[in-house]
Amino acid sequence: MSQGIFQALEYLENLVEGITPKTDSHHGFVAVNRGNGHTIPLEERANSTRYFEMRIDGLAQDDGQAGLSGRKRSRVLCRVRYDIPQDDGFLLRLMNEDCSDLIDTLKGPQYNLATTGIVSLIPLEANIETIFDSQGERLAFLLSLPFDLLFLEA
């Protein structure tokens with residue numbers, strides 16, 4: 001039995017890659033920065049609509065009852081890039097649609113505790129940031145969906 005953050009994030013990345021987008025379906029979700037070697041940061045990946053990463057945003061904390069369960073909690077960001085020159089209205093609708101799919105997909109309950117260590121996942125409020133080039137021109141949007149991951153390290 002192998003459990004822990006590596007298995008949990010790999011499982012979640014595979015779930016997201018399995019999503020078939022409702023709109024613009026020829027651009028599927030592609031996981032990058034999977035913790036297996038140096039790669040180009042998501043912010044620097046040109047022409048990469050729906051490339052995404054699972055980025056740890058808070059280190060593991062004890063989350064067990066009375067400290068007995070061994071359960072941990074960590075904040076994770078699912079960050080998805082949307083390139084522009086698309087119309088802003090189209091991209092915002094696309095990101096909202098995708099955000100809904102991401103929430104439904106990530107929150108389970110199809111986790112296999114024995115192989116992933118995932119106990120539960122709690123989605124939080126998503127936000128959008130803009131990526132600019134050196135001249136201040138907008139290049140892309142980043143959809144960021146934070147969630148608390150409850151898992152076991154064994």
To the nearest 0.5 angstrom, please state how far the [atom1] atom of [X] sits from the [atom2] atom of [Y].
X      : Y      : atom1 : atom2 : answer
Leu139 : Ile131 : CG    : CD1   : 7.0 Å
Phe151 : Tyr111 : CZ    : OH    : 13.5 Å
Ile5   : Thr116 : CD1   : OG1   : 10.5 Å

Is the count of non-hydrogen atoms from other residues, nucleotides or ligands lying under 6.0 Å from [X] atom [atom1] greater than 12?
X     : atom1 : value
Tyr51 : OH    : no
Tyr11 : OH    : yes
Asn47 : CG    : no

Among residues at least two apart in sequence or on other chains, which ones pass salt bridge (charged side-chain N to carboxylate O under 4.0 Å, His left out) with [X]?
X      : answer
Asp88  : Arg138
Arg55  : Glu53
Asp148 : Arg73, Arg75

Are any side-chain N or O atoms of [X] and backbone N or O atoms of [Y], one a donor and one an acceptor, separated by less than 3.5 Å?
X     : Y      : value
Arg81 : Glu43  : yes
Arg71 : Val119 : no
Asp83 : Ser48  : yes
Ser25 : Pro21  : no

Let me check something: any side-chain donor-acceptor pairs from residues 13-20 under 3.5 Å, sequence neighbours excluded? List them with distances.
from, atom 1, to, atom 2, distance (Å)
Glu13, OE1, Arg34, NE, 2.8
Glu13, OE1, Arg34, NH2, 3.1
Asn14, OD1, Arg34, NH2, 3.0
Asn14, ND2, Glu10, O, 3.3
Glu17, OE2, Ala31, N, 3.0

*asked:* Going by salt bridge (Lys or Arg N to Asp or Glu O under 4.0 Å), name the pairs with one or both residues in residues 20-30, residues two or more places apart or in two chains.
replied: Lys22-Asp101

_Test applied, side chain to side chain contact (heavy atoms under 4.5 Å, CB included); reference residue, Leu142; option that passes from Leu77, Ile128, Leu42_ = Leu42

Answer whether the closest heavy-atom distance between the side chains of [X] and [Y] falls below 4.5 Å.
X      : Y      : answer
Val80  : Leu145 : no
Leu12  : Phe147 : yes
Arg79  : Asp57  : no
Leu102 : Cys78  : yes
Leu9   : Leu149 : yes

*Applying side chain to side chain donor-acceptor pair (under 3.5 Å), which residue pairs with at least one partner in residues 122-131 are found, sequence neighbours left out?*
none

_Shared hydrophobic cluster for Val32 and Val76 (ILVMFWY, side-chain gaps under 4.5 Å)_ = no

